[in-house]
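A short worksheet on the structure shown next.
As the structure lists them, so they are numbered: ligands from 1, and atoms in each ligand from 1. This is a predicted model, so every value here is computed, not measured. The basis for the numbers below is simple: all heavy atoms, side chains too, and nothing from hydrogens, waters or symmetry mates.
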Amino acid sequence: MTTPNLPDAETPDLAGAVNLADLEALGRSRLDRNALEYYASGANDELTLRENRAAFARLKLRPRVLVDVSQVDTSTEVLGLPLRSPIGIAPSAFHGLAHPDAEVATARAAASRQSVMTLSTFSNTPIETVGEAAAGRLWFQLYLCTDRELSRGVIQRAEASGARALVFTVDAPFLGRREANERHRFALPPHLQVPNLGTREQLARMETDSGSQLANYFATLVDKTFTWGDLEWLHAQTRLPVVLKGILTAEDARLAAEHGCHIWVSNHGGRQLDTAVSSIEALPEIVDAVRGKVEVYLDGGVTRGTDVVKALALGARAVFLGRPALWGLAAGGEAGVRRTLELLEDEFRLALALCGKSQVGQLGPELVR
Ligand SMILES: Cc1cc2nc3c(=O)[nH]c(=O)nc-3n(C[C@H](O)[C@H](O)[C@H](O)COP(=O)(O)O)c2cc1C
């Protein structure tokens, strides 16, 4: 299936983009209202959505000079997986709204840039197909269903498909209220499937006459009773390391580490609890609470190389991109996501050099005011 106005790979449009904002403008221009509002929206007044960016902008850098930065190495590792730079792709539902190649395009782009893609439970492509495209650079994001057997099957399939971590999203027992999606009744176009969760006929039974259809799927499917003690059950289902996505406080960070989980600092891109703290502001207390016992990652508002520098300086091991990857995908499929990763990595390398650092291990909190 082809979509008429999508650019070929490597069009001048993509090559001409000099930053992620250019790719966002290009990506937005290629989406219909249903998809655009779904990707762009935050919860309620979208204060947290905006604050994720504003908080990065408020942090100031304290660069050092007269350091040999002729060779800058951006590489790092997440859970033992070598990355060319500390930039991965966050899970997002429904890549089929952006491009006909959907999650396969995103996975190929991540693999070709030696990054890592986190595949959403709500993907339009089966885990197995994405696993092949990701060539070992795959994490799987889990929404736990009330039907535990369904989730058990999904976890086993993810593991068999080469996923190297299970990212359990803990900030979404219910879907936050994205008002544009409520107003215009966000719905998945009929040609797109959600193969990890059932057939379109099964999903249709959860749909109602009002509001966002995704909110309806969530209300029916997602387990709202799961608590810390249940993590034992989750660990017993998988050999994969478990990462809890959606941690915003030192208290929960301590509990996560006590329960043998790594931590993904996130407010879901401002899509869940509006007025929740920005992720970069939540990061220091979390890093302080776990004292290096587990790995800590961050997403939310990362669009500049200096954002990556700040997150790493404050203790994150890597950052993940939500919307920027989707804008790249809409702008040009696999090539568009690759361009997103390439531009941000180039910015990050330059920012490191201009901060007087030649390796990610040299970043520390003294760099940020
Ligand atoms: C369109 C969209 C769909 C998303 N779907 C999921 C999802 O299925 N699972 C999940 O854990 N997070 C999901 N998220 C949240 C992202 O993983 C991530 O936390 C957030 O987008 C990061 O903020 P950013 O968009 O500013 O980079 C989604 C975000 C967006 C924008």
Side-chain angles (χ1 to χ4, degrees), residues 20-21 23-24 27-28 31 34-43 46 48-56 87-99 102-103 106 116-125 127 130 139-145 154 165-173 175-176 178 180-181 186 188 194 196-197 212 214-215 217-218 221-222 243-248 263-273 276 278-280 282 297-304 307-308 311 316 318-330 337 340-341 344:
L20 270 51
L23 287 174
E24 174 172 348
R28 280 177 179 260
L31 295 172
N34 187 56
L36 180 59
E37 284 184 347
Y38 174 61
Y39 285 173
S41 58
E46 303 189 334
T48 297
L49 171 63
R50 286 193 289 280
E51 187 60 14
N52 277 345
R53 287 287 318 127
F56 270 118
I87 303 167
I89 296 180
S92 52
F94 307 150
H95 288 200
L97 292 170
H99 193 277
E103 287 83 5
T106 315
V116 61
M117 173 191 183
T118 316
L119 179 69
S120 168
T121 293
F122 278 87
S123 66
N124 294 130
T125 315
I127 308 170
V130 182
W139 286 5
F140 183 76
Q141 177 266 328
L142 180 75
Y143 281 124
L144 197 82
C145 296
V154 167
L166 195 63
V167 175
F168 177 33
T169 300
V170 292
D171 60 6
L175 203 69
R178 300 115 194 216
N181 301 168
F186 168 73
L188 198 60
V194 193
N196 304 329
L197 290 174
S212 156
L214 183 61
Y217 301 155
F218 252 72
L221 279 170
V222 175
V243 181
L244 299 187
K245 174 174 180 282
I247 301 290
L248 287 173
I263 293 170
W264 185 317
V265 179
S266 174
N267 51 40
H268 215 111
R271 293 161 75 82
Q272 287 297 108
L273 176 67
S278 71
S279 40
I280 192 66
Y297 321 108
L298 172 139
D299 74 20
V302 175
T303 59
R304 285 293 190 184
D307 301 336
V308 187
V319 299
F320 286 80
L321 308 178
R323 293 179 188 82
L326 293 170
W327 304 135
L329 184 63
V337 180
T340 305
L341 290 168
L344 196 60

Identify, with sequence neighbours excluded, every residue that meets side-chain hydrogen bond (donor to acceptor under 3.5 Å, both in side chains) alongside R53. T303, D307

Determine, step by step, whether L197 and C145 satisfy the side chain to side chain contact (heavy atoms under 4.5 Å, CB included) criterion, reporting the C-alpha distance in whole Å, the side-chain angles of both residues, the deciding distance to 0.1 Å, and the verdict. CA-CA 9 Å; L197 290 174; C145 296; 3.9 Å; yes

With heavy atoms of P324 as the reference, note each atom of ligand 1 found under 4.0 Å away. 27 (O)

May I ask you to list the atoms of ligand 1 that are less than 4.0 angstrom from any heavy atom of L326? 1 (C)

In terms of residue, atom name and distance, what is the protein heavy atom nearest to atom 24 (P) of ligand 1? R323 NH1, 3.6 Å

Ligand 1-proximal atoms of Y39, by part, heavy-atom distance under 4.0 Å: both

Could you list the atoms of ligand 1 found under 4.0 angstrom from a heavy atom of S266? 19 (O)

R271 charged N/C atom sitting above Y38 aromatic ring, 6.0 Å / 45°: yes

At what distance is the nearest protein heavy atom to atom 18 (C) of ligand 1, and which residue and atom is it? D299 OD2, 3.1 Å

For the pair N196 (side chain) and T121 (backbone), establish whether a donor and an acceptor sit closer than 3.5 Å, ignoring hydrogens and angles. yes

Side chain or backbone, does H268 bring an N or O within less than 3.5 Å of an N or O on ligand 1? yes

Given side chain to side chain contact (heavy atoms under 4.5 Å, CB included), test L119 with Q141 step by step and report yes or no. CA-CA 6 Å; L119 179 69; Q141 177 266 328; over 6 Å; no

Heavy atom of the protein closest to atom 26 (O) of ligand 1 (residue, atom name, distance): G301 N, 2.8 Å

Structural part of A172 in contact with ligand 1, heavy atom criterion under 4.0 angstrom: neither

Where do L214 and N181 land on the side chain to side chain contact (heavy atoms under 4.5 Å, CB included) test, with the steps shown first? CA-CA 9 Å; L214 183 61; N181 301 168; over 6 Å; no

W264, F168, F320, Y38: member with heavy atom nearest to atom 3 (C) of ligand 1: Y38

Nitrogen or oxygen atoms of S120 and ligand 1 under 3.5 Å apart: yes

Compute the shortest N/O to N/O distance between Y143 and ligand 1 and return yes if it is under 3.5 Å, no if not. yes

Give a yes or no on whether the backbone of G176 and the side-chain of Q272 come within a donor-acceptor separation of less than 3.5 Å. yes

So which of A35, A93, G269, P91 gets nearest to atom 16 (C) of ligand 1, if we judge by its closest heavy atom? P91

Sequence-distant partners of A318, side chain to side chain contact (heavy atoms under 4.5 Å, CB included), two or more places apart: V78, P86, Y297, F320

Using a 4.0 Å heavy-atom threshold (strictly under), name the region of Q141 that reaches ligand 1: side chain, backbone, both or neither. side chain

Between A90 and ligand 1, is there a nitrogen or oxygen pair with a distance under 3.5 Å? no

Parallel, tilted or perpendicular: which fits the ring planes of H268 and Y143, with parallel below 30° and perpendicular above 60°? parallel

Please check if the side chain of E103 supplies one atom and the backbone of H95 the other of a donor-acceptor pair under 3.5 Å. yes

Nearest protein heavy-atom contact for atom 27 (O) of ligand 1: which residue, which atom, what distance? G322 N, 2.9 Å

Protein heavy atom at shortest distance from atom 12 (N) of ligand 1: K245 NZ, 3.0 Å

Considering the heavy atoms of T169, write down every atom of ligand 1 situated less than 4.0 Å from one of them. 10 (C), 11 (O)

Hey, can you tell me if F218 and F122 have their rings parallel, tilted or perpendicular (30° and 60° cut-offs)? parallel

